[in-house]
Amino acid sequence: MNKNLIALAVAAATFSGAASAATVYSDDTSSLAIGGRVEARALLSENAKNENAPLVTQQTSNDVTDISRVRVNIDAKTQIADGVQGIGYFEREFNADSSNDENRYIYAGVNSDKYGQIVYGKADGSLGMLTDFTDIMAYAGSVVGGTKLAVADRTSNNLAYAGTFNNLTFKANYVFDGAAYNDDATSAKFGQKTNQSGFSTAAKYTVGDTGLALGLGYAQQKDQTAANNAVNQTSKQTFAVASYTVGDLYFGGLYKYGHRDATNLVTNDLTDSQGYEFAAAYTMGKAVFTTTYGFMKDERNTSGAYDELANAVSVDGTYYFNSNFRTYASYTYNMLDKNKVGKVAASDQVVLGARYDF
C-alpha cells in the first residue's frame, strides 16, 4: 500500500510537478527550482467542446481531439529574515493548440514560517482549497466546484493570504477593481469595464488523526458588466465540504449555494444555483481508481424551463509507474438532456492520457 498515491489523487487538480522540481541554483540564502509536466491527452467525444480551442466543436463519434499540454514553472525563494522568505512563482501552460496558451501563475510575496504567506499577482483564490475535496479526477474536473466565482479561483490582480496553524488552514484573498475595458468598437458594451472585483475566504480543519477533514468558504464578486448590460451587480457563493480517509479509501463531499453565479443552459440567463458533489478514491498498489458524481440546478426556475445545470458521473483509473510518470483513462457519463441543452453540453467524454512530471 502506498498512501502517497491517494494523496496525489486527491491533489491531482493542483499538482503541477513542483514536488519533483529540480533545484538549478542554491546557496546559503536563495534557491531556484524548475518543474512542470508534459501531458499527452486524447479526447474522444461525439460533440465535445475542445477546452484548448473553445470555439471548435467536434461533429462525429469518430473524432479524436489532441488536447495535450505542457506546463513549466519556476519557483524561487530567498531568506530575508529569520524564518521569513521572499518568494516568486511563475507557471506557463502550452497547449497543442497554441492559441490558448496562458500564464497560469505570476506572483511574488513574503512567506513566514510562523504566520503564513501573502502574495500579489496572478494567484489562487481561496475556494480552490475546498473544491479540491471532490476535484480528484485524473482528467474530469469538478462540475460543481468548477463553477467558482472568478475572484475565488486562479486570477490576476489578486492579493492572497494563506496560513496553516496546527490542524487549521485559513485562506483569504481580495481581487482589486482593475483597468479592464471592452475594446470591441462594434459591441454595445464598448468602453465599459469587463473585470470582476471582490473577495473570497475559506477555512479547512483536519480533525486530529481521525481521517476526517471539514471546510467552509464564502466568495463575493462585483461584476462590472453583467450579461444584461447592468453594472456593479453582486454575485455570492457559499461552499461546505467534508472528507474522510480510511486506509486505501478516500471519500469527499461538497455542497454549494450561489447567488447570480451560474448560467441557465436553456435561457442563457444569469441565475442562482444549488449543487452537490460526491467523490471517492481507492488505492490498490500503484493504481488509483476515482469516481465523482455532481449535480447542480437553477434556483430561479419559475418559468418551467429545464433547470439542471450539471448532472454527470465520472470514473477513471490511473497507474503510477513512479513519482514522475503515470498513465490514465477517464470516462464521463453526462446525464443532461441533449434535446434541451444541446449536444455539446450533454456530451459524454473519453480521455486517454500519459503524464510526465519533472
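Numbers here simply count residues along the sequence, with the first being 1.
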Please tell me whether [X] and [Y] are part of a single hydrophobic cluster in this structure, the criterion being side-chain heavy atoms less than 4.5 Å apart.
X	Y	answer
Tyr120	Val151	no
Leu130	Tyr218	no
Val144	Ile136	yes
Leu309	Leu149	no
Met284	Val246	yes

Heavy-atom closest contact ([X] atom, [Y] atom, distance):
X	Y	answer
Ala354	Thr327	CB-CG2, 4.1 Å
Arg260	Ser235	O-OG, 2.7 Å
Val207	Thr210	O-OG1, 2.6 Å
Phe289	Gly317	CD2-CA, 4.0 Å
Gly294	Val143	CA-CG2, 3.5 Å
Tyr293	Ala312	CD1-O, 3.3 Å

Other ILVMFWY residues reachable from Leu216 by side-chain steps of under 4.5 Å:
none
Could you identify which residues cluster with Val110, counting Ile, Leu, Val, Met, Phe, Trp and Tyr as linked when any side-chain heavy atoms lie under 4.5 Å apart, either directly or through a chain of such contacts?
Ile80, Val84
Mind checking what makes salt bridge (Lys or Arg N to Asp or Glu O under 4.0 Å) contact with [X], not counting sequence neighbours?
X	answer
Lys256	Asp261
Arg154	Glu102
Lys204	none

Listed by chain and number, what are the side-chain contact (heavy atoms from CB on, under 4.5 Å) partners of [X], not counting sequence neighbours?
X	value
Asn334	Leu336, Asp348
Ala203	Leu168, Phe170
Asp27	Tyr25, Thr29, Ser30
Tyr174	Phe176, Phe199

Do [X] and [Y] have side chains that get closer than 4.5 Å, going by heavy atoms?
X	Y	answer
Phe278	Thr292	no
Val313	Met335	yes
Lys171	Thr201	no
Glu308	Asp298	no
Ile74	Leu32	yes
Asp101	Arg92	yes

Can you tell me how far the [atom1] atom of [X] sits from the [atom2] atom of [Y], to the nearest 0.5 Å?
X	Y	atom1	atom2	answer
Arg37	Phe358	CZ	CZ	10.0 Å
Leu212	Tyr205	CG	OH	10.0 Å
Asn111	Gln117	CG	CD	5.0 Å
Gln196	Thr234	CD	OG1	12.0 Å
Thr164	Asp113	OG1	CG	12.0 Å
Thr131	Phe133	OG1	CZ	10.0 Å

Are [X] and [Y] close enough that a side-chain donor and a side-chain acceptor fall under 3.5 Å?
X	Y	answer
Gln274	Glu299	yes
Thr134	Glu277	yes
Asn100	Asn95	no

Checking salt bridge (Lys or Arg N to Asp or Glu O under 4.0 Å) for the pair Asp357/Arg326: CA distance, chi angles, key distance, verdict?
CA-CA 9 Å; Asp357 291 285; Arg326 74 190 75 170; 3.1 Å; yes
Using the side chain to side chain contact (heavy atoms under 4.5 Å, CB included) rule, take Thr291 and Tyr282 through it: C-alpha gap first, then chi angles, then the decisive distance, then the call.
CA-CA 9 Å; Thr291 183; Tyr282 175 64; over 6 Å; no
Test ring pair (Phe, Tyr, Trp, His ring centres under 6.0 Å) applied to Tyr107 - qualifying residues, sequence neighbours left out
Tyr89
With sequence neighbours excluded, what pairs up with Phe295 under the ring pair (Phe, Tyr, Trp, His ring centres under 6.0 Å) test?
Tyr276
Does any N or O in the side chain of [X] come within less than 3.5 Å of the main-chain N or O of [Y], such that one atom is a donor and the other an acceptor?
X	Y	result
Ser68	Arg41	yes
Ser126	Ser200	yes
Glu39	Ile67	no
Asn167	Thr206	yes
Asp316	Met137	no

Glu93 with Arg71: basic N within carboxylate O range, under 4.0 Å
yes
When you look at Asp269 and Asn264, which way does the side chain to side chain donor-acceptor pair (under 3.5 Å) test go after all the steps?
CA-CA 5 Å; Asp269 291 335; Asn264 186 291; over 6 Å; no
Only pairs at least two apart or in different chains count here, so list each ring pair (Phe, Tyr, Trp, His ring centres under 6.0 Å) that has a residue in residues 323-350.
Phe321-Phe325
Please lay out, stage by stage, how Ser314 and Thr332 fare under the test side chain to side chain donor-acceptor pair (under 3.5 Å).
CA-CA 4 Å; Ser314 298; Thr332 297; 2.9 Å; yes
Could you tell me whether Asn322 atom CG has more than 12 heavy atoms of other residues or ligands within 6.0 Å of it?
yes
Inspect the surroundings of OH in Tyr255 and state if more than 12 heavy atoms from other residues, nucleotides or ligands are less than 6.0 Å away.
yes
Could you go through Phe239 and Leu254, starting from their C-alpha distance and side-chain angles, then the distance that decides it, and tell me whether this counts as side chain to side chain contact (heavy atoms under 4.5 Å, CB included)?
CA-CA 7 Å; Phe239 281 84; Leu254 176 150; 3.9 Å; yes
